[in-house]
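Naming convention: chains lettered A, B, ... in sequence-line order (proteins, then strands); numbering from 1 in each chain.
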Amino acid sequence: MQQKIRTRFAPSPTGYLHVGGARTALYSWLFAKAKGGDFILRVEDTDQARSTKESLDMVLSDLKWLGFDWQEGPEVGGECGPYFQSERKEIYKEHADRLLKDGKAFYCFCTDEDLEAKKEKAKAEGKSPVYDGTCRSLSLEEAEKKLAAGEKGAVRFKVPQAEEFVHHDVVRGEVRWPQDMVGDFVILRSNGMPVYNFCCAVDDALMNITHVFRAEEHLNNTLRQIMLYEAFNYPLPKFGHLSIILGEDKKKLSKRHGATSVNEYKEQGFTKEALINYLLLLGWSSPSESEIMEMSQMLEEFDMDRFKSSAAVFDEAKLKWMNATHLRAFSTEKLWALVSEVLTKNGINVSAESTWQDPKWQEKALELYKVRMETLLDAVTPFKYLSEASFEVAEAGAETMTWEKSLEVVSTWKALVAEKSEEFLSVEQFEEIQKQVQAKAEVKGKNLFMPIRVAVVGVPQGADLKDLVPLIPRDKLLERAEKVIASVK
RNA sequence: GUUCCCAUCGUCUAGAGGCCUAGGAUGCCACCCUUUCACGGUGGAGACACGGGUUCGACUCCCGUUGGGAAUGCCA
């Protein structure tokens, strides 16, 4: 009987969930789901200064939006709780005491200044700047005496002697470290708070995690954590260290690269299907070389092999393409749900008596979303691209068109619209007007079409004008045309 | 400084010694389609970082160089 697979994602609630974290969560969640295991969520909030409730809520809601449900963790509980590290202090204390008692850890009373000076010296001599073992031989009794006298001491782990440490990584294969790479490291701060490496190892062991997927920057930490597992005699999980995600400039993705959080992409109208699909393939490849993948296929194909060990650049252009491709494959119901959400968020009423609730308009909205979501909003929200618009009129027919001619088209269009009396133009009326403009101004094709388009939507892109014009009140059309004329002058 | 990780088109990647004149996708360019497109079609430019080995044969294995990244915290 094979052991049940348990993976985890352990965010620290110090900000939004960024795409790198989302990818780690995706791999962990997907692996558990694909293998019939459990996905556990643990909150690493030992840094009280930086952890906030707001951040936690953001991270949780992003995870939910992506569809990564956890079987144990915040909100759902579980047998291995608590799932907040801030609530597990007793457990860490008890573990530290055990090491202390077994002589596998010791109290250290060195000051920051001493440590700093020694580090500088070692660096200057070209040695690895590791802890030199000053307090290593201090007995537990002596240490306790100092403590009783009011001295503050941190607890350090006594790094065992070995020639070298070997680790088999799921992503990287065999990794070897020389034994002097790490010195006796702190597991409990002098204020009693445990540090990351200690909590992480203890928690993963106690929560029976079988597979740990995390970012590459933790690779060196793994050595420390493995030593802790061995000191406690806990079975070792498999570790997989995922490559870093980089920005366009090949530097680690950060805020200065623009959008990096899941929430920002969500707000911009990206679907979770596209985001997941894109992230999946940023560091992992499908055995069938598939590109656009549905969740069912991901579940079927995902495994621990096929991870890419080199860093990957996050390419928004490809994400956009994926988004468009997924959108086109959406069912009508799914698209409408998406559109109503966007409309509601932009203050447009989608209640029962609303125009948009009319099946006919629903259909229109879907078409429009398919084409370009921004334009859908343009049709009902303030006209925003005006200054650029006048520029585009000239650009549209740059080679054969003059400003004057474009202006003539718009003026003619406006005059003809003004002749109508209905509140909204019909598709037929629109087509008739268009023909008349063509005849009067003696232009056709793009030279005819672009100026009218700009007069209607303000930008040279968007949904079919036949769909848009009937949505816009006639006086609004006149007003817009007038604005374009004014801006060109 | 020291240690570790990484290296195929601009980008994401396929590639487990001969299947490679290196495949796909995206992006870019051209033409076609279309009275706009985050639509469709056809075609094009575009990569094994460098130098040594090993081998009959290397994108694939080994070593080195260069370049990038990470760690070296009483941050996570």
*Quick one, give me the B/S/- string for nucleotides 10-15 of chain B, reading 5' to 3', where B means a protein heavy atom under 4.0 Å from the base and S means that only happens at the primed atoms, P, OP1 or OP2.*
BSBSSS
*Does any non-hydrogen side-chain atom of A:Met293 lie less than 4.5 Å from one of A:Glu301?*
yes
_Opposite nucleotide pairing with B:C19, Watson-Crick or G-U, both atom distances under 3.5 Å_ = none
*Tell me the salt bridge (charged side-chain N to carboxylate O under 4.0 Å, His left out) pairs involving residues 302-324 of chain A, sequence neighbours left out?*
A:Lys35-A:Asp303, A:Glu291-A:Lys318
*All side-chain contact (heavy atoms from CB on, under 4.5 Å) counterparts of A:Glu94, not counting sequence neighbours*: A:Arg98
*For A:Ser12, enumerate each residue passing the side chain to side chain donor-acceptor pair (under 3.5 Å) test, keeping only those at least two apart in sequence or located in another chain.*
none
*asked:* Can you list everything that forms a side chain to side chain donor-acceptor pair (under 3.5 Å) with A:Gln436? Sequence neighbours excluded, please.
replied: A:Glu432
*What one-letter contact string describes nucleotides 42-50 of chain B from 5' to 3', where B marks a base within less than 4.0 Å of any protein heavy atom, S marks contact via sugar-phosphate atoms alone, and - marks no contact?*
---------
_Counterpart residues, ring pair (Phe, Tyr, Trp, His ring centres under 6.0 Å), relative to A:His326 (two or more places apart)_ = none
*Residues that A:Tyr265 engages under ring pair (Phe, Tyr, Trp, His ring centres under 6.0 Å), provided they are two or more places apart*: A:Phe270, A:Phe314
*In terms of the nearest nucleotide of RNA chain B, which residue is placed more toward the 5' end: A:Val175 or A:Arg224?*
A:Val175
*All side-chain contact (heavy atoms from CB on, under 4.5 Å) counterparts of A:Glu151, not counting sequence neighbours*: A:Phe109, A:Lys146
*Residues two or more places apart in sequence or in another chain: which of them pass salt bridge (charged side-chain N to carboxylate O under 4.0 Å, His left out) with A:Glu273?*
A:Lys334
*By a strict heavy-atom criterion of less than 4.0 Å, which residues belonging to residues 188-200 of chain A are in contact with RNA chain B?*
A:Arg189, A:Ser190, A:Val195, A:Tyr196
_By ring pair (Phe, Tyr, Trp, His ring centres under 6.0 Å) - contacts of A:Tyr16 (at least two apart)_ = none
*Which whole number of Å gives the distance between the C1' atom of B:A47 and that of B:U8?*
6 Å
_Is A:Trp321 close enough to B:U26 that one of its side-chain N or O atoms is under 4.0 Å from OP1 or OP2 there?_
yes
